[in-house]
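All remarks here apply to the structure that follows.
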Amino acid sequence: MGDFLQGLSMVTNFSTVFWCAFGSVLGIILGALPGLTATMGVALVIPVSYNLSNTATGIGLLLSVYCGAVCGASIPAILLGIPGNPNAIATVEDGQLMTRKGLAGQALGGAVIASMIGGLGSEIFLIFFSPLIARMTLAFGPAEKTTLALVGLVIIAAVSGKNILKGLLMGALGFVFAFFGKDPVSGIVRIPFADLLRQTPLANGFDMTSTLIGLYGVSQVFSEIPNLKKTQDRVVAANIGSVFPPLRKIGQMWKIILSSLGIGTLVGAIPGTGASIAVFMAKNAATGICDASKGKLEKPGTGCLEGVFAPEVANNAVTGGALIPALSLGIPGDSATAVLIGALMINGVTPGFALFSQNMPLVYSLFITLTIANIFMGVFQLAGVKVYPKVLLISQRLLMPIVLILSFIGSYALAGSSVEKGLFNVGTALFMGLVGYAMKKNGYPLAPIVLGLILGGMFEEQFRKAMKLGAGTMSRFVSSPICWVFFLISVAIVVSTSVKNRRENGK
Amino acid sequence: MKKLKVKMLPLVMTVLSALYFIYVFASEETAMNADSVGGDPGGKFLPYVMAVFMFFGFLYITLKERPDGKKTDAGDRNLFLITLCEGVLYIAFSKVAGFLILTVILLYSLIYLYTTIGEKRSAKQACAGGAVTLSVTVAVYFLFRYVSKLLMRLGRQGILPMFKSSTAAAVVALVIVAGFTVLLSLTVCRKLKAKGFNRVADAGIVTFATVLFLYIVFKQFFLVALAPGFINY
């Protein structure tokens, strides 16, 4: 109870509430703008979160942007038929049909209420399960931690692209980036031309935040350039109508809500799966429930609230679910949580058992800020349901230069009072932006690079510790059943994904 | 002989992987003597593994995949190169020219170029708009910096104690910038738009508001040392 009260005191201040509110609105806007993603939003606010004096406030800002962006994606999905990001793909069909029927307001309002239910519901699972899973990691030594990192990397490589080899190569590239800088054991500088560059910021390796900003912010600007030619004028439905769906109708959908909540949380908790899978599973399950309701519920796909509720509960349930392995094991559910883990680490929060055993007040503050983020997300999106559609009118041609400058200033700001280091960070962001652009253009996923960069240092340190404990042999890995389980999971993922990819390519 | 057509990226990555292997091979051993006796594989082991894996992985893709034959549009390529060059110049000259001037130039030019894609551009119009934007931004910067410093001095002297902290003065600066943004968009920008200079007006007002807003947030709220350059008030 003392830990909870301490955690509560960390967030019950004006600053936290203000930044959570700001993050929610920013997240909704970022989510609503097609082309801007939750991942990019989280990456862009890392410098702001880092500069906030209270860690809990910084985390609150990050979580608010994350939740807001997932929810905000429903706005263009409903009004324009374009999902703000992949989380809202399954909302498009019924959302658009409802808009054509003149029920845009109900669809938007329903999506917000569903998102709130999904976000808050999944948080219950997060609060219950993450400490339990984190406790399990007590049995992990260096060898187990090494193989766990390997599993995380293999999972994200498998699901974040169409070709697992490309994903694994990107993971290796992330490791290579992580290896630049100081040797984790001896502290000796490992960079090319070390004698010349020893005094430069590169001696400490690539700055993680600048790398994240470059990969997701700067690269997005470069990637959007070919799309700027397209017409930027969007026609948004002028008549939003009544916002609140009938309460009775929501009550009738309790089975859909529960099944979508369960699917979203579970799928989110399985590392690497992501919301885009959960939303279709939830919609499919909702169709079955509607079929069995004997006409009481309308079937998704016909322009009904059921078809909006199911995916929207599920995609926000994914946020809580994805945080379970992220906080307890340090394994992200998707690219957004990969960036979020990096952001948490920059803010001094290292996921794993140590967090739950040594810093429980911070864990509670994280849970509380997540609750605040979900509530604010709902309140601000409902309050501005008639205003946010106007955001859709903002041209990408205006937005992209602003994103570029935000990326530059954000990476610069992390250096604090050192102009040289600040400019080095901007250079890192630009370089990583080019890397990200080139990779995306050629079908290589970026999330494994991020995870490789995050896990690289830990992986190397634990691997070398395990080798030392085994007197230079792999005995620690061979004798541990946990290592075998993780190793077999990795092999199974690689094999199953390769077979699946081959089948899909063969079709 | 038939010309071998391969994708550039995997080929470049294959070469880079080979170079990375050579670099690791040539670099000094980072494991301490006692550690290496105790079984530490050293700081070169995993880089070797990654270099070898990447080399063969990218080589496989290079040999397997063929280019799709799509050519990049010349306009897109030019815009990409301009954006990249401006980014590089921004980093190169930031220390000399400073945050305010360079950010205005970068942002204004990119917004102008992006918003006029497919339209006839006027260099004279664009330069005039840029010069006015820069002048107005610098003028308002001097104004709010003067007001901020004055308020903080009064705060320290105990005349206006609420301005003792820099945060309160930054809030006032924010209000000044917001006020000028509204004023300029209702007066100058409206007149410019009425005369058909829409693109210049949009680029100017967005640049003005963004640059000063970022300055206040990062410099005055978060106390980040933005590169001062010429203007160091």
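Lettering of chains follows the sequences in order, A, B, ..., and the numbering in each one begins at 1.
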Are the side chain of A:R190 and the backbone N or O of B:G43 linked by a donor-acceptor pair below 3.5 Å?
-> yes

Proximity of A:F463 and B:F45 rings by center, below 6.0 Å = yes

Measure centre to centre between the rings of B:F55 and B:F21, then say whether the value is under 6.0 Å.
-> no

Provide the closest heavy-atom pair for A:A178 versus A:G452 in the form atom of the first, atom of the second, distance.
-> CB-O, 3.9 Å

Checking A:L168 against chain B: side chain, backbone, both or neither under 4.5 Å from a heavy atom?
-> both

Non-hydrogen atoms of chain B under 4.5 Å away: do they reach the side chain of A:Y444, the backbone, both or neither?
-> side chain

Ignoring hydrogens and angles, state whether a donor on the side chain of B:R199 or B:T116 is under 3.5 Å from an acceptor on the partner side chain.
-> no

Part of A:F431 within contact of chain B (heavy atom distance under 4.5 Å) | neither

Residue B:E65 versus chain A: region with a heavy atom under 4.5 Å = side chain

Heavy-atom pairs under 4.5 Å with chain B, option from A:V426, A:L469, A:L406 with the top count = A:V426

Is the backbone of A:I394 close enough, under 3.5 Å, to the side chain of A:R397 for a donor and an acceptor to pair up by distance?
-> no

Proximal component of A:V218, with respect to chain B [non-hydrogen, under 4.5 Å] | neither

Turns out that what part of B:M13 lies under 4.5 Å from chain A's heavy atoms comes down to side chain

Tell me, side chain or backbone of A:L399 under 4.5 Å from chain B's heavy atoms, or both, or neither?
-> neither

Proximal component of B:I111, with respect to chain A [non-hydrogen, under 4.5 Å] | both

Heavy-atom contact with chain B under 4.5 Å, split by part of A:K441 | side chain

Chain B contact via A:I225 - side chain, backbone, both or neither, heavy atoms under 4.5 Å | both

Chain A contacts, top residue of B:T210, B:L107, B:D202 (heavy-atom pairs, under 4.5 Å) | B:L107

Quick one: of A:T473, A:L404, A:L173, A:V221, who has the most non-hydrogen atom pairs under 4.5 Å with chain B?
-> A:L173

Below 4.5 Å from any heavy atom of chain A, which atoms of B:S27 appear? Answer side chain, backbone, both or neither.
-> neither

Can you see which heavy atom on B:L214 is nearest to which on A:I409, and at what distance?
-> CD1-CG1, 4.1 Å

Kindly say whether B:L106 contributes a backbone atom to a donor-acceptor pair with the side chain of B:S109 at under 3.5 angstrom?
-> yes

So, B:F80 versus A:Y437, ring centres under 6.0 angstrom or not?
-> yes

Part of B:F58 within contact of chain A (heavy atom distance under 4.5 Å) = both

Residue part contacting chain A, namely of B:L84, when any heavy atom lies under 4.5 Å = both

Of B:S94, B:A203, B:P47, B:G118, the largest count of non-hydrogen pairs under 4.5 angstrom with chain A goes to B:P47

Checking A:K145 side chain against A:E461 main chain: does a donor-acceptor pair fall under 3.5 Å?
-> no

Distance-only side-chain donor-acceptor flag, B:T103 / B:Y90, under 3.5 Å | yes

When the 4.5 angstrom heavy-atom criterion is applied to B:V217 and chain A, the contacting part is neither

Whatever's closer than 4.5 Å to a heavy atom in chain A on B:I61 counts as side chain

Any chance the rings of B:F218 and B:F221 have centres within less than 6.0 Å?
-> no

